[in-house]
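In this chain, residues are counted from 1 in sequence order. If you're wondering where the values come from, they're calculated on a predicted model, not measured in any experiment.
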Amino acid sequence: MTNLEVRLRRFLKKHKKKVILYILLVWLIIFMINLYIKNRPPQINPPMVTYEPHIPIMNTEQEVPEKYQEPIETIIDEYFRHCNNGEYEQAYNLITDECKENVYPTLEQFTSYVKEVFEGKKKIYNIQSYSIVGNKYIYSIRILDDILANGTTDGYYYYEEKFVMIEENGEIKLSIGEFVEKKNLNLAAEDDNMVIEITNVSMDYDTIEYEVKIRNKTDKYIVISDNMQSDEIVLDIGGQTRRPNNMEYAYFFISPNSVKTQKLQFNKFYDDGLTPNNLTFKMIRVLNEYNWEVGTTQENLDSAVRLYGLQINLNN
């Protein structure tokens, strides 16, 4: 037996209880570590998210052409810089003539819109391509308080709006207020009682609006809609029927030998791929007497000159 073995035997004999205690302690530590590892919740590594501002979230297989990406970023940046600096006319000059004409026909109206959105504060923004329809590049713009500039502690709020970038003759133009475009239609239908014209259609990102002009050829009252009948006006969109969203408290009737123009607005997303097919007036009432404050009565219906429906094809 070597000298080292003799010393080890003596040490174990003298400190046997302490050695056993140390071994138990080490075993307990190892046991607790293993138990923790076994029972701890699995770690989930979040997927890497790459910010792609020019890939539409509605169709990630598309992408805004590279030649337009920088011009789009530039015009949005210029727009926000002018709005932040109170340079309203310079910002106004960046939007399309069609947007000006149909949404903000005067600089004063545009200025009121900017002041409402910006709330007198410096704003920052981020952009994300939302969808592409033809030469229209729709972006979702999130507008936020510039906390560093404003020093606000009121919380984290933002306003979101669709901006439409329109490519015309190789140049990018800006349309705001979710306005997309307006088209002349000049569709018409005529019968013994009236002439109906659908003069134009205006499209925002989430609505479509038809302007309808009706000439009453009779000495009677013609009632199109007064909310006294169900589904008085319906729009067929891709096989779906929708009622106007702006006629709940409106009355559309034409006095004898007169003309009336009415806008009919329906819910429709510009990028939903659905096509409006026809506009139907389901309950046209030709009446001898009519009181719009009361609406169509059963007496009116019983004595009506004519009750009928009329459909206009929107794809002619």
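Take Glu211 and apply the side chain to side chain donor-acceptor pair (under 3.5 Å) test, not counting sequence neighbours, and it matches Thr199, Asn200. For His82, there are no ring pair (Phe, Tyr, Trp, His ring centres under 6.0 Å) partners at least two apart in sequence or on another chain. Every residue meeting the side-chain contact (heavy atoms from CB on, under 4.5 Å) condition with Leu185, not counting sequence neighbours, appears here in chain and number order: Leu187, Ile198, Val201, Tyr210. For Phe266, the ring pair (Phe, Tyr, Trp, His ring centres under 6.0 Å) test picks out no residue, with sequence neighbours left out. Remark: Lys182 pairs with no residue by the salt bridge (Lys or Arg N to Asp or Glu O under 4.0 Å) rule, at least two apart or across chains. Partners of Lys282 by side chain to side chain donor-acceptor pair (under 3.5 Å), not counting sequence neighbours: none found. Checked against side chain to side chain donor-acceptor pair (under 3.5 Å), Asn246 has no partners two or more places apart in sequence or in another chain. With sequence neighbours excluded, no residue forms a salt bridge (Lys or Arg N to Asp or Glu O under 4.0 Å) with Glu73. Among residues two or more places apart in sequence or in another chain, the side chain to side chain donor-acceptor pair (under 3.5 Å) test is passed with Asp302 by Gln298. In this structure, the ring pair (Phe, Tyr, Trp, His ring centres under 6.0 Å) partners of Phe269, at least two apart in sequence or on a different chain, are Tyr205.
Hydrophobic cluster membership of Tyr251, counting Ile, Leu, Val, Met, Phe, Trp and Tyr whose side-chain heavy atoms lie under 4.5 Å apart directly or via other members: Tyr221, Val223, Phe253, Leu287, Tyr290, Trp292.
Enclosure of atom NZ in Lys217 by more than 12 non-hydrogen atoms of other residues, nucleotides or ligands within 6.0 angstrom is indicated. Within a 6.0 Å sphere centred on CZ of Arg243, heavy atoms belonging to other residues, nucleotides or ligands number 12 at most.
For the pair Lys100 and Phe110, the cation-pi criterion (under 6.0 Å, within 45° of the ring axis) is not fulfilled.
The ring pair (Phe, Tyr, Trp, His ring centres under 6.0 Å) analysis of residues 163-187, with sequence neighbours excluded, yields the pairs Tyr79-Phe163.
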